[in-house]
Amino acid sequence: MNPHYQAEHIEPAAQAYWDTHKTFQVHEDPSRDKFYCLAMLPYPSGHLHMGHVRNYTIGDVIARAMRMQGKNVLQPMGWDAFGLPAENAAIKHGLAPSQWTYENIAHMRGQLQKLGLGYDWSRELATCDPDYYRWEQWLFLQMYKKGLVYKKATLVNWDPVDQTVLANEQVINGRGWRSDALVELREIPQWFFKITDYAEELLADLSQMPGWPEQVRTMQQHWVGRSVGANVTFHVDNRPETVEIFTTRVDTLMGTTYLAIAPQHALAIQAGLQDKDVQAFIDDCAHGKTSEAELTQMEKRGVFTGFYALHPLTGARLPIWIANFVLMNYGSGAVMAVPAHDERDFAFAKKYHLPIQQVIMPANNEPIDLHTAAYTPYGTLINSGEFDGLSSEAALKAISSQLIALKVGSWQVHFRLRDWGISRQRYWGAPIPMINCTVCGPQPVNETDLPVILPEGLTPSEKGSVLKEHTEFLETTCPLCGEKATRETDTFDTFMESSWYFARYTCPDQNEHMLDERALYWLPVDQYIGGIEHAVMHLLYARFIYKVLRDLKLVNNDEPFTRLLTQGMVLKDGAKMSKSKGNTVDPNALIEKYGADTVRLFSLFAAPPEQSLEWSDAGVEGAYRYLKRLYKLVYAHVSSPIKASRPPEWSSTQQTVRFHLHQTIKKVTEDLFTRQTFNTAIAAIMEFTNILQKYEINAPADQALMQQSLEALVLLLAPMTPHICHYLWQMLGHDTPLALCPWPGFDYSVLNRASYEMVVQINGKVRARLQVDENADEEAIKALALQEENVKKYIEGQTIKKFIVVPKRLVSIVV
RNA sequence: GCCCGGGUGGCGGAAUAGGUAGACGCAAGGGACUUAAAAUCCCUCGGGACUUAAUCUCCCGUGCCGGUUCGACUCCGGCCCCGGGCACCA
């Protein structure tokens with residue numbers, strides 16, 4: 001027993017103990033309550049960063065605490081191993097992405113193990129392993145059979161120099177990040193999942209997910225964006241084409257003064273053929289970026305096509321404009337413009353001197369000024385012929401009824417959510433299991449031919465996917481006609497791998513099926529932990545795939561993640577840590593200097609988990625100091641010559657210590673399990689440690705109480721700093737491993753006190769404090785308050801208007 | 001631009017259901033111990049006023065402006081700043 005805390009000895013010993021005793025390896029046990037605790041799997045970038053440390057520490061605290069609650073806890077770990085950075089690193093260093101990835105995994109696994117995270121490493125998986133992605137390919141084939149997969153042309157960022165598709169982050173100021181060439185928008189055919197088939201359900205289930213933060217549910221709700229409106233068909237004057245639009249404001253239909261279509265719209269292409277200025281505009285629009293942020297912020301520009309649409313009710317000729325803010329990827333690629341009652345249409349009309357026709361009047365008949373801004377709320381219809389005088393609500397029905405009767409309109413539920421484009425023109429990804437036959441068209445690979453193995457060891461180039469030149473991979477035969485055919489060279493979006501990995505952890509060794517009955521035992525994940533940046537996309541895709549798995553009868557519930565904790569970012573000097581800013585902190589160096597427990601303690605203590613965390617080296621020092629103090633306290637206690645023995649009755653000092661002991665257990669229990677505010681749990685533990693440090697041990701009863709208190713302290717802290725607690729638990733005389741000890745309980749009877757403090761406010765300001773007996777009634781409290789000197793001073797010569805007593809809190813007097 | 005968060009001492013944060021603003025920790029200052037330093041321990045610590053003195057008392061204070069309330073960090077309206085997401089970064 002060393003009188004000084006030495007993390008460098010304690011930590012490897014504790015880790016070796018867990019390892020040899022297989023403490024965290026779990027098996028299905030229907031007789032026990034399961035608890036599946038999962039932190040989002042990392043991308044193997046090469047080095048653990050503080051965001052990982054925070055994420056995995058939080059997960060480990062919850063997992064360990066639940067294990068102490070008696071749950072059968074599964075906590076696995078794996079690697080999101082496909083993705084762009086591996087290709088970029090490969091191009092830079094001339095290494096194969098597989099080699100880079102596997103080396104990174106090996107290094108990062110070692111880093112995670114040093115943190116003392118209680119993972120069941122026997123279930124580890126890497127998504128770039130064919131044993132993993134073959135089931136993803138299998139799932140794709142099932143989805144294909146179900147009609148959830150289709151191909152359509154969509155816009156991508158095209159680098160004309162490198163002849164490759166660029167990710168949004170690779171487009172900088174409209175130019176390719178490597179080539180510096182002006183990026184073009186190009187349409188290419190890609191595979192899509194019909195996630196919109198599940199839009200209603202994805203939305204509806206959100207209201208039944210109390211374990212998710214309100215903000216995440218709100219974000220997903222807005223993302224799916226259900227709206228009810230009308231589809232309207234506009235005929236084009238003297239031409240065979242029609243223009244389809246969707247609007248939620250069909251009440252303003254009579255105020256339509258023009259139509260706006262995307263530069264890629266069929267009619268726009270026709271217009272371009274007839275007029276070289278129009279074509280020049282279309283060509284000009286083919287630069288920029290596909291992102292919504294870009295689109296909604298760029299200068300709104302347009303050009304007249306020379307075509308006119310006919311208003312479906314009045315027959316009025318409405319000019320059709322091509323506008324750069326209308327995009328083919330969104331809806332039908334056309335909108336009806338009502339400048340009087342839509343801000344964007346208004347700005348566009350002002351710029352190009354298009355007519356502005358008011359058709360809605362405010363309900364209170366106040367005049368509006370259409371020279372400065374559009375009027376967007378609902379109101380009463382004017383200038384709308386037979387619809388004049390109707391409210392917007394009534395007009396929505398009346399106008400749409402007429403459109404339906406004329407067969408130029410229909411009611412439509414519209415979603416902002418778009419189908420999920422899963423094709424990527426990249427090498428380092430899971431191959432999409434399709435074969436292109438010149439005779440039969442695209443054909444799915446036979447299930448028996450899975451997996452379609454990605455050839456490893458290729459060196460990617462900046463010219464995009466090298467699979468196209470790899471004949472061994474490319475050349476195959478058509479599963480339908482048997483003739484020569486080529487493989488699909490597009491690979492899966494990496495969101496695909498992360499949409500089902502949590503299910504595969506339950507049975508990673510299953511080679512006959514994607515999932516087996518073990519998945520039914522463990523799923524859904526009880527607690528999921530990850531960065532807030534994944535609030536919408538990853539979590540929505542995973543929910544979608546889970547519902548598909550349910551429909552394939554592979555899982556038997558609707559939602560994959562029962563409770564969700566979204567952790568904030570780790571910042572240094574107010575900014576996100578990044579290599580380019582040079583403000584990174586190396587977890588390894590910290591672990592070496594202070595030990596994993598200190599790093600864990602600080603990352604939990606510095607901020608509540610959902611908020612961003614400001615890194616502080618000095619703060620780490622403070623966490624280390626605390627652990628040293630705790631160690632010393634336990635050491636001094638076990639070295640004491642006083643023999644512990646429980647008294648028949650506790651003294652008043654002892655009663656106070658006992659009160660704090662039980663109060664601390666109660667507080668930490670609530671903070672860990674209910675509130676998940678680890679920072680306040682640690683503060684409470686520190687506070688009680690301070691009390692124990694000042695507690696003088698004079699008698700056997702004191703020694704007994706100290707033993708109880710320190711045991712509780714070690715148990716409460718165990719999920720957060722497991723190594724030191726593992727050691728201190730032995731020091732306190734226990735043989736059973738701490739990791740499997742039951743969570744401490746508290747006694748309400750100890751928490752009842754004879755008296756409590758109340759505050760007296762006069763006109764909202766605190767003027768006195770009272771010690772009030774536990775069973776004092778309201779009248780007694782009032783009398784007590786009026787006896788206070790300072791209270792008398794403030795109410796002298798005044799009349800009391802109100803006298804409020806809030807039990808156990810305060811007395812408020814208004815004069 | 002749109003959607004979702006956040007803003008409290010010198011700093012990180014606490015205040016759980018509208019009821020004592022600043023728990024816990026860091027930094028700083030002072031002291032003890034030491035030949036010295038480190039480590040450790042003790043004290044002070046939002047700003048200001050008053051007093052011989054005090055752990056008394058008073059005023060101000062939770063991004064800014066306004067409102068509701070006996071009472072607002074907390075609720076409502078408007079604004080400013082910072083962060084996350086916006087469909088090919090993960």
Side-chain angles (χ1 to χ4, degrees), chain A residues 4 40 42-43 45 80 83-85 88 156-157 165-171 190 213-216 218-223 225 290-298 325 329 344 416-421 423-426 493-495 498 531-538 540-541 566 568-569 571 574-576 602 605-608 610-623 625-626 628-629 632 667 670-671 674-675 677 679-680 682-687 690 693 757-767 769 790 793 801-804 806 809-815:
Chain A
H4 299 289
M40 289 178 187
Y43 179 80
S45 58
D80 187 17
L84 262 188
N88 294 333
V156 295
N157 303 309
V165 176
L166 297 178
N168 281 335
E169 70 156 11
Q170 298 175 315
V171 181
Q190 308 216 69
E214 183 76 43
Q215 55 157 316
V216 176
T218 307
M219 278 191 262
Q220 293 213 350
Q221 204 181 321
H222 289 301
W223 186 269
T290 58
S291 77
E292 185 187 317
E294 200 94 349
L295 285 171
T296 52
Q297 280 177 89
M298 70 186 172
F325 58 86
N329 281 6
R344 193 177 61 182
R416 203 188 78 97
L417 176 70
R418 307 200 299 270
D419 277 338
W420 176 10
S423 286
R424 295 293 179 271
Q425 295 70 43
R426 318 238 174 261
D493 176 7
T494 56
F495 273 125
S498 55
I532 184 66
E533 66 272 22
H534 296 296
V536 176
M537 303 191 64
H538 159 61
L540 194 70
Y541 291 141
T566 47
M569 322 259 296
L571 311 175
K576 187 175 172 173
F602 176 72
F605 180 60
E610 310 221 320
Q611 273 179 40
S612 58
L613 182 155
E614 175 68 32
W615 192 261
S616 152
D617 291 336
V620 180
E621 195 80 45
R625 243 187 328 253
Y626 170 75
K628 282 195 287 189
R629 230 155 29 95
K632 236 167 62 173
K667 167 86 178 142
E670 285 168 2
D671 284 357
T674 310
R675 295 212 307 154
T677 51
N679 57 328
T680 53
I682 293 166
I685 288 169
M686 286 176 168
E687 225 170 330
N690 292 343
Q693 256 184 319
E757 193 185 74
M758 281 181 82
V759 158
V760 185
Q761 287 185 351
I762 296 163
N763 288 350
K765 291 195 193 254
V766 178
R767 298 301 181 188
R769 284 150 210 277
N790 214 36
K793 199 168 99 192
K801 288 187 195 154
K802 273 193 187 180
F803 210 137
I804 300 158
V806 182
R809 287 203 185 268
L810 55 69
V811 178
S812 184
I813 304 170
V814 187
V815 296

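Source: prediction; values computed, not measured. Sequence lines set the chain letters: A, B, ... in the order given, protein chains first and strands last, and positions in each chain run from 1.
Within 4.0 Å (heavy atoms only), A:Lys801 reaches no atom of the nucleic acid at all. A:Trp223 comes within 4.0 angstrom of a nucleotide base, judged by non-hydrogen atoms across all strands. Among the atoms of the strands shown, only primed sugar atoms or phosphate atoms (P, OP1, OP2) are found under 4.0 Å from some heavy atom of A:Gln215. Nucleic acid contact for A:Pro608: sugar-phosphate only, since backbone atoms but no base atoms lie under 4.0 Å from a heavy atom of the residue. Looking at heavy-atom distances under 4.0 Å, A:Leu84 makes contact with sugar-phosphate atoms alone, never a base. At a threshold of 4.0 angstrom between heavy atoms, the contacts of A:Glu621 with the nucleic acid are absent. At a threshold of 4.0 angstrom between heavy atoms, the contacts of A:Val806 include nucleobase atoms, whether or not backbone atoms are also involved. Looking at heavy-atom distances under 4.0 Å, A:Phe495 makes contact with a base. Within the nucleic acid shown, A:Gln297 comes within 4.0 Å of at least one base atom, counting heavy atoms only. In this structure, A:Ala618 reaches the sugar-phosphate backbone alone: every heavy-atom distance under 4.0 Å involves primed, P, OP1 or OP2 atoms, never a base. Using a 4.0 Å heavy-atom distance criterion, A:Val814 is classed as a sugar-phosphate-only contact. Among the heavy atoms of the strands lying under 4.0 Å from A:Arg418 is at least one base atom, whether or not backbone atoms are also near. Looking at heavy-atom distances under 4.0 Å, A:Val156 makes contact with a base. Within the 4.0 angstrom heavy-atom criterion, base atoms lie near A:Gln190.
Comparing atom distances between the A:Asn679 side chain and each of B:U20, B:G13, B:G19 picks out B:G13 as nearest. Comparing atom distances between the A:Glu687 side chain and each of B:C4, B:C24, B:G19 picks out B:C24 as nearest. If you check B:C88, B:C89, B:C24 against the side chain of A:Phe605, the one that comes closest is B:C24. Nearest nucleotide to the side chain of A:Ala606, out of B:C70, B:C41, B:G12: B:G12. Among the nucleotides B:G84, B:G19, B:U20, the one closest to any side-chain atom of A:Met569 is B:G84. Side-chain proximity of A:His222 to B:G12, B:C24, B:C4: nearest is B:C4. Distance from the side chain of A:Ala167 is smallest to B:C88 among B:A90, B:C88, B:A15. Side-chain proximity of A:Asp671 to the nucleotides B:U16, B:C4, B:C88 is greatest for B:U16. When each of B:G25, B:A87, B:G84 is scored by its nearest atom to the side-chain atoms of A:Glu533, the top-ranked nucleotide is B:G84. The nucleotide whose nearest atom lies closest to any side-chain atom of A:Thr296 is, among B:G1, B:A23, B:A90, B:G1.
The base of B:U20 sits with one of its N or O atoms less than 3.5 Å from a complementary donor or acceptor on the side chain of A:Arg769. The base of B:C88 has none of its N or O atoms less than 3.5 Å from a complementary donor or acceptor on the side chain of A:Gln170. Side chain A:Gln761 to base B:G19: a donor-acceptor pair is found below 3.5 Å.
Scanning all heavy atoms of the two residues, the minimum distance from A:Asn763 to A:Val815 falls at OD1-N, 3.1 Å. In this structure, A:Val536 and A:Gln220 approach most closely via the heavy-atom pair O-NE2, 3.7 Å.
Nucleotide B:U62 forms a pair with no other nucleotide shown, judged by Watson-Crick or G-U wobble geometry with both contacts under 3.5 Å. Applying the Watson-Crick and G-U wobble criteria (two distances, each under 3.5 Å), B:A15 pairs with nothing in any strand. In this structure, B:C50 forms no base pair with any nucleotide, since neither Watson-Crick nor G-U wobble geometry is met with both distances under 3.5 Å. With a cut-off of 3.5 Å on both Watson-Crick or G-U wobble distances, the partner of B:C26 is given as B:G10. Pair assignment for B:A39 gives none, since no Watson-Crick or G-U wobble pairing has each distance under 3.5 Å.
Rounded to the nearest Å, the gap between the C1' atom of B:G19 and that of B:A72 is 10 Å. Comparing B:G9 with B:U62, their P atoms are spaced 9 Å from each other, to the whole Å. Of the P atoms belonging to B:C45 and B:U57, the separation is 15 Å, rounded to the nearest Å. Taking atom P on both B:U74 and B:U16, the two are 13 Å apart, rounded to the nearest angstrom. Between B:C58 and B:G22, the two P atoms lie 15 Å apart (nearest whole Å). For the C1' atom pair drawn from B:G13 and B:A21, the interatomic distance equals 13 Å after rounding to whole Å. The same atom, C1', is picked in B:U68 and in B:G18; the two are 11 Å apart, to the nearest Å. B:A87 and B:G77 have their P atoms separated by 30 Å, with the value rounded to a whole Å.
When the P atom of B:C86 is taken as reference, atom CD of A:Glu169 falls 11 Å away, rounded to whole Å. Rounded to an integer number of Å, the gap from A:Ile532 CD1 to B:C3 C1' is 12 Å. Distance A:Lys667 NZ to B:A14 P: 10 Å, rounded to the nearest Å.
OP1 or OP2 of B:A90 lies within a sub-4.0 Å distance of a side-chain N or O belonging to A:Thr494. For the pair A:Arg625 and B:A27, the criterion of a side-chain N or O lying under 4.0 Å from OP1 or OP2 is met. Side-chain N/O atoms of A:Arg629 include one lying less than 4.0 angstrom from OP1 or OP2 on B:G25. Taking side-chain N and O atoms only, A:Asn690 has no distance below 4.0 Å to OP1 or OP2 of B:C24. Using a 4.0 Å cut-off, no side-chain N or O of A:Arg675 falls inside it from OP1 or OP2 of B:U16.
Between A:Glu292 and A:Arg416, at least one side-chain nitrogen of the basic residue sits less than 4.0 Å from a carboxylate oxygen of the acidic one, meeting the salt-bridge criterion.
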Apply side-chain hydrogen bond (donor to acceptor under 3.5 Å, both in side chains) to the pair A:Ser498 and A:Asp80, showing each step before the final yes or no. CA-CA 7 Å; A:Ser498 55; A:Asp80 187 17; 4.9 Å; no
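Under a 3.5 Å cut-off, the side chain of A:Gln611 and the backbone N or O of A:Pro608 do not form any donor-acceptor pair.
Expressed to the nearest 0.5 Å, how far CD of A:Gln215 lies from CD of A:Glu610 amounts to 6.5 Å. Going from atom CD of A:Glu214 over to atom CD of A:Gln221 covers 8.5 Å, rounded to the nearest 0.5 Å.
Residue order along RNA chain B, read from the 5' end via each residue's closest nucleotide, puts A:Ala683 first among A:Tyr541 and A:Ala683. Checking A:Glu757 against A:Leu613, the closest nucleotide of RNA chain B that is more toward the 5' end is the one next to A:Leu613.
Ring geometry, A:Phe602 versus A:Trp615: the interplanar angle exceeds 60°, so the pair is classed perpendicular (tilted spans 30 to 60°).
In this entry the base of B:G9 is syn relative to its sugar, with a glycosidic angle within 90° of 0.
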Can you pull every protein N or O that's under 3.5 Å from an N or O on nucleotides 56-62 of chain B?
from	atom 1	to	atom 2	distance (Å)
B:C58	OP1	A:Arg767	NH1	3.0
B:C58	OP1	A:Asn790	ND2	3.3
B:C58	OP1	A:Tyr794	OH	3.0
B:C59	OP1	A:Arg767	NH2	3.2
B:C59	OP2	A:Arg767	NH1	3.4
B:C60	OP2	A:Lys765	NZ	3.0

